Amino acid sequence: MNETYEPALVEAAAQRHWDETGTFRAVEDDSRPKYYCLSMFPYPSGRLHMGHVRNYTIGDVISRYMRMQGRNVLQPMGWDAFGLPAENAAIANNLPPAQWTYDNIATMKRQLKALGFGLDWDREVTTCKPDYYRWNQWLFLRMLESGVAYQKTGTVNWDPIDQTVLANEQVIDGRGWRTGALVEKREIPMYYLAITRYAQELLDDVQQLEGWPERVRTMQANWIGRSEGVTIAFPYELNGAAHTLKVFTTRADTVMGVTFVAVAAEHPLATHAAATNPELAAFVDECKRGSVMEADLATMEKKGLPTGLSVTHPLTGAAVPVWVGNYVLMGYGEGAVMGVPAHDERDFAFAQKYALPIRQVIDVGGQAYSTDAWQSWYGDAGVCVGSGTYDGLSQDDAIARIAADLEARGLGSVQVQWRLRDWGISRQRYWGCPIPLIHCGTCGVVPVPDKDLPVVLPDDLVPDGSGNPLQRHAAFVDCACPACGQPARRETDTMDTFVDSSWYFLRYASADNATAMVDGRVGYWLPADQYIGGIEHAILHLLYSRFWTKVMRDLKLVDLGEPFSNLLTQGMVRNHIYFRKPASGRVVYYNPTEVEVTTDDKGAPTGARLKADGLPVETGGIGTMSKSKNNGVDPQAFIDRYGADTARLFMMFAAPPELSLDWSDEGAEGAFRFLKRLWKAVHTHVSGGAVPALDRMSLSTADKDLRRLAHQTLAKVGDDYGRRRTFNTAIAAVMELLNAVSRHDATSATARAVVHEALEIAVLVLSPVVPHITHSLWQSLGHGRPLIDERWPAVDDEALKQDAVTLVVQVNGKLRGQIIVAVDADEASVRAQALADPTVQRFVGELTVRKVIVVKGKLVNVVAA
RNA sequence: GCCGGUGUGGCGGAAUUGGUAGACGCAUCUGACUCAAAAUCAGACGCCAAAAGCGUGGGGGUUCGAGUCCCUCCACCGGCACCA
């Protein structure tokens with residue numbers, strides 16, 4: 001029998017078995033409940049990193065557990081294969097992005113297989129392949145028809161040297177990443193998806209998603225940003241014509257305190273006033289330019305200039321001056337705000353700076369108002385004062401009355417504002433899904449007919465950093481107008497890669513369908529029972545996917561409102577950071593493998609030194625694994641040394657899935673040690689020869705204890721996997737069981753049978769985490785049927801029963817002793833036994849026992865005073 | 001600033017419903033085995049001289065009993081942010 005655990009052999013054998021039997025191919029089957037376990041698909045960046053290993057191990061443990069529960073499990077995988085890094089790599093290597101991408105996919109697919117994940121590769125989806133992205137294009141055309149997709153001008157970052165549009169991440173400190181040139185803003189026509197149409201539904205439904213983490217739901221709700229208020233119109237006359245200036249406010253109850261109105265630099269009134277006022281024109285220009293520098297925006301001083309114009313207060317009829325303010329955003333509300341300095345901190349600062357009147361109109365509990373300095377209660381809700389007919393009204397009543405009065409005059413209405421903006425999907429990039437439109441000199445913008453889909457992206461171009469190579473590729477650009485047949489130009493913008501990832505989870509259900517985007521199988525698999533991925537996608541990807549699903553539902557393509565029933569956001573993988581900062585030059589980071597940590601005699605770290613030269617290095621704490629900090633651990637190197645099972649085990653044991661996980665070489669070594677002990681325990685047991693059937697009548701007390709522990713462990717691990725999703729505590733419980741097995745005296749036949757049962761339970765319940773070694777050990781335990789086909793065992797309630805229990809005895813809440821009582825002992829006898837305990841008597845001493853609290857099966861608390 | 005989260009040994013973490021704080025693992029220390037080392041096995045391991053006492057970020061409260069509930073303060077992490 002195999003004496004030593006050799007992961008490479010064990011893992012190859014198990015994987016061969018799964019491959020040859022097609023174990024993980026998922027087939028729709030109405031006779032079994034389905035379980036769709038979805039992990040966020042990776043961007044094929046090169047090699048797997050530890051974050052991937054953690055993500056996909058969590059998914060695989062859940063999938064394998066659900067399989068053992070009898071569920072028909074689908075666990076698919078694919079590639080989020082379009083995107084900017086491929087273009088950057090292409091520029092660096094002078095290779096087409098396609099080649100780089102497909103090479104990376106091949107490497108990473110091999111690594112995923114080596115990790116033993118139970119994936120259905122028949123459903124593999126690759127977003128840069130025409131058979132996938134043609135459906136992006138097809139659905140985009142449906143969205144155009146329904147008005148969900150539309151065109152308007154948008155602002156882009158323009159690099160004047162490279163003559164190219166830059167993505168936000170290519171702009172560093174306001175400069176182009178390659179040229180260092182100051183980035184300009186340019187207005188160009190772009191396509192948008194009207195996600196704001198779904199704002200209310202997206203907000204309502206996120207409240208219902210009880211299987212999602214609270215913080216993700218909060219982040220989504222904040223991002224959607226519903227704000228209820230009143231739009232108020234301030235009439236004015238310009239060149240003899242009547243106009244109104246609209247503002248949005250959540251504090252209509254303060255409208256009687258308006259002493260000015262401020263508009264954004266881009267507002268038409270500002271433009272109008274600037275035309276005849278050079279000083280104002282310069283200020284407006286400065287504001288527009290300033291908005292490029294994102295970092296400065298937050299700290300910018302509140303500045304403004306009067307336009308010289310004034311508008312009429314809609315209720316009092318007073319003249320109100322119009323200012324241009326650098327703190328007013330054109331993109332939110334109406335691009336104008338009413339200034340109520342008495343009750344808005346920003347307006348207060350503005351009014352103080354420019355000596356504008358401050359008029360109190362809200363009383364908060366009779367506190368004395370002073371215009372000298374802002375007090376935090378000035379912005380609180382209160383009762384109207386100095387507001388004429390509205391005096392004495394509460395905030396809600398005042399808002400309602402004022403809104404009604406404004407509405408009656410046609411100068412206002414209750415309104416809901418959203419923070420959420422429509423989704424701009426046009427990207428002036430090569431490596432993405434072509435937007436299926438044609439520009440014709442006579443017909444204008446013409447959609448590509450469905451029969452001509454997909455618009456195939458040529459995959460042999462090499463970008464050089466200057467512009468989109470599609471624009472110079474005649475074979476792509478030149479085409480005939482589908483409407484009139486005249487020569488026309490094909491659209492060269494491609495889609496945001498968030499489009500690709502907004503529906504891939506639907507495509508897994510119908511990946512082989514060449515004639516339709518989705519089919520009835522979506523109804524079988526969706527919604528995904530479990531979605532697992534990084535918290536960094538808490539907002540955009542998840543919101544876009546929810547939106548996309550609702551759009552497809554409204555187009556009658558799916559019968560589904562929400563795509564993901566349960567969401568698990570796994571934490572980051574972190575590691576120690578070590579560095580040296582030479583007197584001159586840049587900080588040098590050292591990989592933790594190159595560093596030796598010194599400790600004191602209690603094991604507390606005292607310092608670190610480089611193994612190479614023995615000299616000290618500085619400790620930079622713990623941070624997310626990254627190239628820049630040189631603190632990554634390559635999963636491949638780890639697997640080569642310890643095997644996939646050890647990698648999986650450590651990942652699941654070191655921390656609960658939602659928390660960040662700190663890498664530790666010693667901890668990983670400990671995981672390996674545990675697997676070796678498990679291996680040895682099974683083989684030592686098996687080498688003892690045949691095991692008799694378990695005779696429940698002849699169990700010793702120790703045998704009963706081990707049996708009880710084994711079945712308690714079985715129950716706990718099932719609960720931890722299925723309900724709690726705390727894999728770390730499940731593994732700890734199995735470790736305890738194995739510790740008990742090794743302590744157990746297994747000389748008698750009955751004891752051997754009990755140990756056999758305990759080892760079988762340990763192997764079965766660990767199999768979702770470490771499927772290879774358990775596959776092998778299951779055979780060693782004498783089973784012909786492979787472990788993958790086993791069901792989750794049932795807990796034997798008989799084994800859990802016990803005759804006597806140990807109760808903790810407290811005196812005045814402090815632990816003083818233990819008593820052993822019959823499991824069915826009545827309260828009076830438990831109480832008597834506790835009071836008779838010598839330690840209890842010692843601590844009660846002279847005191848009078850006032851009360852005795854008995855918690856059945858747990859403890860006794862003697863209250864004495 | 002607003003919203004959300006987290007604070008427990010030298011470290012990662014456990015304590016699921018208010019009921020034994022520190023499971024499990026790592027590190028460290030001691031012992032066995034060994035010529036020796038590694039590996040392995042056995043044991044110790046919150047603080048303290050302690051069978052008392054103290055101890056879950058600080059302070060206060062509720063309770064027979066609080067890591068867990070309430071109030072308050074502090075620190076750190078995340079999200080959003082001139083959002084009107």
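Owing to the predicted nature of the structure, the values given are computational and were not obtained by experimental measurement. Throughout, protein chains are lettered first and strands after them, A, B, ... in sequence-line order, and every chain is numbered starting at 1. What's counted below: heavy atoms across the whole structure, side chains too, no hydrogens, waters or symmetry copies.
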How would you list, by chain and number, every residue that makes a side chain to side chain contact (heavy atoms under 4.5 Å, CB included) with E214(A), sequence neighbours excluded? R217(A), T218(A)
Among residues at least two apart in sequence or on other chains, which ones pass ring pair (Phe, Tyr, Trp, His ring centres under 6.0 Å) with H267(A)? none
Once ring pair (Phe, Tyr, Trp, His ring centres under 6.0 Å) is applied, do any residues pair with W374(A), and if so which ones, sequence neighbours excluded? F348(A), Y378(A)
Between N or O atoms, less than 3.5 Å apart, protein on one side and nucleotides 38-40 of chain B on the other: list the pairs.
none

Between K851(A) and C64(B), does any side-chain N or O lie under 4.0 Å from OP1 or OP2? yes
Every protein N/O lying under 3.5 Å from an N/O of nucleotides 30-34 of chain B:
none

For F283(A), give me all partners under ring pair (Phe, Tyr, Trp, His ring centres under 6.0 Å), at least two apart in sequence or on another chain. none
Output field dot_bracket for RNA chain B (Watson-Crick or G-U, both distances under 3.5 Å, | for other-strand pairs) contains (((((((..(((......[....))).(((((.......))))).((.....))..(((((..]....))))))))))))....
Which residues pass the ring pair (Phe, Tyr, Trp, His ring centres under 6.0 Å) test with W663(A), sequence neighbours left out? F638(A), F650(A)
Contact list please: residues 330-339 of chain A against RNA chain B, heavy atoms, distance less than 4.0 Å, in numerical order. Y332(A), V337(A)
Can you pull out the residues from residues 708-715 of chain A that lie within a 4.0 Å heavy-atom distance of RNA chain B? none
List, with names and distances, any nitrogen or oxygen atoms from the protein found under 3.5 Å away from nitrogen or oxygen atoms belonging to nucleotides 14-22 of chain B.
residue: A14(B); atom: OP1; partner: N728(A); partner atom: ND2; Å: 3.3
residue: A15(B); atom: OP1; partner: R724(A); partner atom: NH1; Å: 2.9
residue: A15(B); atom: OP1; partner: R724(A); partner atom: NH2; Å: 2.8
residue: U16(B); atom: O2; partner: R723(A); partner atom: NH2; Å: 2.5
residue: U16(B); atom: O4; partner: K716(A); partner atom: NZ; Å: 2.4

Residue list, side chain to side chain contact (heavy atoms under 4.5 Å, CB included) with R724(A), at least two apart or on another chain: K716(A), D719(A), D720(A), T726(A), T729(A)
